[in-house]
Amino acid sequence: MALEEDARHHNVSLNTLVDQLFDAHANYERFIEKMGMMRMAKLTFRRILDNTPPEGVATAAKLHARDQGKVAAISKYGELNVTNILDGLTVMFTYGGWGEFHETRSSHGKRVITLMHDLGPNGSTYLYNFVKTIFEEIAFEPKISPTDQGVVIEI
């Protein structure tokens, strides 16, 4: 009955909801448990970011990318490369609640990835430093531009 209620609330069929639940479990839930990650309310994370100096936020993001991010990507995909980093960001945003992941092509044929969030300016500081550092791990330098509401990556 709870699943039927959720399906009605999200305006999807019960089968679609069940497929989404299996997908989330297979692609995210199993993985965060295996990696020892925890869930935290977005509001709590935002409060931590808002009350931390930008330098501290940047340092935490760099350490997250070098330690947990790199290990998680290698654990999930077997290696760290551009494709796997972008897939990891997709999972982080799609299932992890970080915000919205969008990808398009520029008129010059470049891939443009936009990571949109509601974590405030320090959220962008965090994401910018995380993304920059994880790409540095593979000696790849995409153009990364932070804004107050997101980070844009051009590849």
Do [X] and [Y] have side chains that approach each other closer than 4.5 Å (heavy atoms only, starting at C-beta)?
X    : Y    : result
V57  : N129 : no
S106 : E154 : no
E79  : I74  : no
L89  : F130 : yes
I144 : V152 : no
R47  : T52  : no
I155 : L86  : yes
L115 : I153 : yes

**Asked** Counting only heavy atoms not in D67, do more than 12 sit closer than 6.0 Å to its CG atom?
**Response**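 Enclosed: over 12 neighbouring heavy atoms sit under 6.0 Å from CG of D67.
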
**Asked** Between M92 and W98, is a side-chain contact (heavy atoms from CB on, under 4.5 Å) present by the stated rule, with each step listed?
**Response** CA-CA 7 Å; M92 193 171 147; W98 286 80; 3.4 Å; yes

**Asked** For V12, does its backbone N or O pair with a side-chain atom of T16 as donor and acceptor, under 3.5 Å?
**Response**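 It does not hold such a pair.
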
**Asked** Is there a donor-acceptor pair closer than 3.5 Å between any side-chain N or O of N122 and the backbone N or O of T125?
**Response**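 No.
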
Rounded distance [0.5 Å steps], [atom1] in [X] versus [atom2] in [Y]:
X    : Y    : atom1 : atom2 : answer
T114 : F93  : OG1   : CZ    : 10.5 Å
S124 : M116 : OG    : CE    : 10.5 Å
L3   : N15  : CG    : CG    : 11.0 Å
I138 : I85  : CD1   : CD1   : 3.5 Å
M1   : D6   : CE    : CG    : 12.0 Å
L17  : R8   : CG    : CZ    : 11.0 Å

**Prompt:** Should D118 and R46 count as an ion pair when the cut-off is N to O under 4.0 Å?
**Reply:**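 Looking at R46 together with D118, the answer is no, because their closest N to O distance does not fall below 4.0 Å.
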
**Message:** What I want to find out is whether E103 reaches R111 closely enough, with some N-O distance under 4.0 Å, to be called a salt bridge.
**Reply:**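 Counted as a salt bridge, because a side-chain N and a carboxylate O are separated by less than 4.0 Å.
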
**Request:** Give the intermediate values and the outcome of side-chain contact (heavy atoms from CB on, under 4.5 Å) for residues E136 and K132.
**Result:** CA-CA 6 Å; E136 286 172 352; K132 184 176 184 299; 2.6 Å; yes

Mind checking whether [X] and [Y] sit in one hydrophobic cluster, side chains of I, L, V, M, F, W, Y counted as touching below 4.5 Å?
X    : Y    : result
F140 : I134 : yes
F135 : L63  : no
M40  : L119 : yes

**Request:** Could you please spell out the steps behind the side-chain contact (heavy atoms from CB on, under 4.5 Å) verdict for N84 and K76?
**Result:** CA-CA 9 Å; N84 295 342; K76 184 169 177 63; over 6 Å; no

**Message:** Run the side-chain contact (heavy atoms from CB on, under 4.5 Å) test on E137 and R66 for me, step by step, so that the C-alpha distance in whole Å, both residues' side-chain angles and the decisive distance to 0.1 Å come before the verdict.
**Reply:** CA-CA 7 Å; E137 291 293 315; R66 283 189 197 119; 3.4 Å; yes

**Request:** Describe, in one word, how the ring planes of Y126 and F45 are oriented to each other, choosing from parallel (under 30°), tilted (30 to 60°) and perpendicular (over 60°).
**Result:**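 Perpendicular.
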
**Prompt:** Shortest non-hydrogen contact from G109 to R105?
**Reply:**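 Residues G109 and R105, closest heavy atoms: O-NH1, 3.1 Å.
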
